[in-house]
**Student:** 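The structure's right below; bear with me while I get my questions together.
Quick caveat: nothing in here was measured; it's all calculated off a predicted structure. Values reported hereafter were calculated over all heavy atoms of this structure, with side chains retained and with hydrogens, waters and symmetry mates removed.
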Amino acid sequence: MATKLQDVYDAFLAKIEADDWMETEYLDIARKDWYMLLNSAKFHFRYPRVSLESNEEEFFEDLGNDEIQVLSTLMRREWLDRC
């Protein structure tokens, strides 16, 4: 069973305080932004134990909690760099 991108997004959102992403009317825009942050984070993930290939909904392989936490931390770093 593949890991949903939302699992990584949830871990990322737990690491930040961003009320502007909590508006449901902008959820589609927020998801596109999270996807771009995730793609940037994947670029910086040096030695993943599983493939990080994905489509816009899920990873093609199962990610463990370690990979999810690393990706969410790298997403947070990308988000902070833009702030």
**Student:** Are W34 and R31 side-chain neighbours, meaning at least one heavy-atom pair lies under 4.5 Å?
**Tutor:**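 Touching, per the 4.5 Å side-chain cut-off.
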
**Student:** For residues 46-54, which side-chain N or O atoms pair as donor and acceptor with protein atoms under 3.5 Å away, sequence neighbours left out?
**Tutor:**
| unit_1 | atom_1 | unit_2 | atom_2 | d |
| --- | --- | --- | --- | --- |
| S51 | OG | E53 | N | 3.2 |
| S54 | OG | K42 | NZ | 3.0 |

**Student:** Count I, L, V, M, F, W, Y as connected when their side-chain heavy atoms are under 4.5 Å apart, and connections chain through other members. Are L27 and Y35 then in the same cluster?
**Tutor:** yes

**Student:** Do F43 and L80 share a hydrophobic cluster (ILVMFWY, side-chain heavy atoms under 4.5 Å, transitive)?
**Tutor:**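 Per the 4.5 Å side-chain linkage, F43 and L80 are not co-clustered.
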
**Student:** Counting only heavy atoms from other residues, nucleotides and ligands, does the tally under 6.0 Å from CD of E57 exceed 12?
**Tutor:** no

**Student:** Do you know which two heavy atoms are closest between Q69 and S72, and how far apart they sit?
**Tutor:**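 Q69 and S72 have their closest heavy atoms at O-OG, 3.0 Å.
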
**Student:** Could you tell me if the side chain of L38 sits less than 4.5 Å from the side chain of F59, heavy atoms only?
**Tutor:** yes

**Student:** Find the distance between CE (M75) and CD1 (I68) and round it off to the nearest 0.5 Å.
**Tutor:** 12.0 Å

**Student:** Give, for atom CG of L74 and atom CG of L71, the distance between the pair rounded to the nearest 0.5 Å.
**Tutor:**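 Reported value, rounded in 0.5 Å steps: 6.5 Å.
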
**Student:** Indicate the atoms forming the closest heavy-atom contact of L5 with N55, along with that distance.
**Tutor:** CD1-O, 3.4 Å

**Student:** Can you pull the salt bridge (Lys or Arg N to Asp or Glu O under 4.0 Å) pairs that have at least one residue in residues 65-79, sequence neighbours excluded?
**Tutor:** none

**Student:** Taking the side chain as C-beta and beyond, is there a heavy-atom pair between Y9 and K4 under 4.5 Å?
**Tutor:** no

**Student:** Going only through I, L, V, M, F, W and Y residues with side-chain contacts under 4.5 Å, is there a path from F12 to M36?
**Tutor:**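 Different clusters.
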
**Student:** Step through the shown structure and confirm whether more than 12 heavy atoms of other residues, nucleotides or ligands are within 6.0 Å of CZ on F60.
**Tutor:** yes

